[in-house]
Undergrad: 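What follows is a single structure, and I will ask about it in a moment.
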Amino acid sequence: QVQLVESGGGLVQAGGSLRLSCAASGRIFSKNAMAWFRQPPGKEREFVAAISWSGGSTRYADSVKGRFTISRDNAKNMVYLQMNSLKPEDTAVFYCAVANTMLVATTRERYDYWGQGTQVTVSS
């Protein structure tokens with residue numbers, strides 16, 4: 001069974017930074033793409049960033065490109081999301097997820113396992 005536990009969320013002022021971490025357990029981690037999604041208050045869950053199983057390929061939502069960086073450490077079963085220049089519109093619950101493919105994927109349907117989420121709140 002795959003378990004994902006996110007951490008690192010919190011309250012930050014606009015322009016600040018946060019680093020989210022996702023600890024994964026289970027045998028499939030190193031052979032699967034991973035991603036971060038987020039769900040703003042009252043809105044649908046949306047794609048943020050994804051990384052291939054090797055870490056060699058990444059993809060970002062246009063809204064975070066140039067500000068967020070996704071990375072992974074397969075030896076530690078960890079995925080990270082470095083978030084810089086945060087904006088109030090980044091406020092959301094952030095989720096990490098494991099894909100059913102080794103390649104980068106941006107749609108929720110490609111992700112089989114999800115964490116419980118971590119709250120990120122950006123004040124203006």
Undergrad: Between OG of Ser124 and CD of Glu89, what distance do you get to the nearest 0.5 Å?
TA: 10.0 Å
Undergrad: Does the side chain of Thr101 reach to within under 4.5 Å of the side chain of Trp53, using non-hydrogen atoms?
TA: no
Undergrad: Please report the closest heavy-atom contact between Ala105 and Ala50, naming both atoms and the distance.
TA: O-CB, 3.5 Å
Undergrad: Checking Gln82 side chain against Arg19 main chain: does a donor-acceptor pair fall under 3.5 Å?
TA: no
Undergrad: Look only at the side chain of Arg72 and the backbone of Gly55, and say whether a donor-acceptor pair between them is shorter than 3.5 Å.
TA: no
Undergrad: Using a 4.5 Å cut-off on heavy atoms from C-beta on, say whether the side chain of Ser52 contacts that of Leu103.
TA: no
Undergrad: May I ask you to decide if Val122's main-chain N or O and Thr91's side chain share a donor-acceptor pair within less than 3.5 Å?
TA: yes
Undergrad: Could you walk me through whether Leu4 and Cys96 pass the side chain to side chain contact (heavy atoms under 4.5 Å, CB included) test, one step at a time?
TA: CA-CA 7 Å; Leu4 303 172; Cys96 72; 3.8 Å; yes
Undergrad: For the pair Phe94 and Phe68, name the ring-plane relationship: parallel under 30°, tilted 30 to 60°, perpendicular over 60°.
TA: tilted
Undergrad: If you group Ile, Leu, Val, Met, Phe, Trp and Tyr by side-chain heavy-atom gaps below 4.5 Å, do Trp114 and Val79 land in one group?
TA: no
Undergrad: State which residue, out of Val64, Ile70, Ile51, fulfils the side chain to side chain contact (heavy atoms under 4.5 Å, CB included) condition with Trp36.
TA: Ile70
Undergrad: Is Leu86 linked to Leu81 within one hydrophobic cluster, defined over Ile, Leu, Val, Met, Phe, Trp and Tyr using a side-chain heavy-atom separation of less than 4.5 Å?
TA: yes
Undergrad: Name the one of Glu46, Arg45, Lys43 that satisfies side chain to side chain contact (heavy atoms under 4.5 Å, CB included) with Arg38?
TA: Glu46
Undergrad: Tell me the closest heavy-atom pair linking Pro40 and Glu44, and the distance in Å.
TA: CD-O, 3.7 Å
Undergrad: Same cluster for Tyr111 and Val93 if Ile/Leu/Val/Met/Phe/Trp/Tyr side chains link at under 4.5 Å?
TA: yes
Undergrad: State plainly whether one hydrophobic cluster holds both Met34 and Tyr113, where clusters connect Ile, Leu, Val, Met, Phe, Trp and Tyr through side-chain heavy atoms under 4.5 angstrom apart.
TA: yes
Undergrad: For the backbone of Val5 and the side chain of Gln116, can you confirm whether one donor and one acceptor N or O come within less than 3.5 Å of each other?
TA: no
Undergrad: Let me confirm one number: the NZ-CG distance from Lys31 to Asn74, rounded to the nearest 0.5 Å.
TA: 9.0 Å
Undergrad: Within this structure, what is the CE-CG distance for the pair Met83 and Leu18, rounded to the nearest 0.5 Å?
TA: 4.5 Å
Undergrad: Heavy-atom distance under 4.5 Å between the side chains of Val120 and Leu20, does that happen here?
TA: yes
Undergrad: Please check this pair: side chain of Tyr95 against backbone of Gln39, looking for a donor-acceptor N/O pair closer than 3.5 Å.
TA: no
Undergrad: Taking the side chain as everything from C-beta on, heavy atoms only, tell me whether Met78 gets closer than 4.5 Å to Ser21.
TA: yes
Undergrad: Where is the tightest heavy-atom contact between Tyr60 and Thr69, given as atom of each residue plus distance?
TA: OH-CA, 3.3 Å
Undergrad: Find the distance between CD (Gln13) and OG (Ser123) and round it off to the nearest 0.5 Å.
TA: 5.0 Å
Undergrad: What's the shortest heavy-atom distance between Ser85 and Asp90, and which atoms?
TA: O-OD2, 4.4 Å
Undergrad: Within the side chain of Asn32, is there an N or O that forms a donor-acceptor pair under 3.5 Å with the backbone of Ala99?
TA: yes
Undergrad: Please determine whether a side-chain nitrogen of the Lys or Arg among Lys65 and Asp62 lies less than 4.0 Å from a carboxylate oxygen of the Asp or Glu.
TA: yes
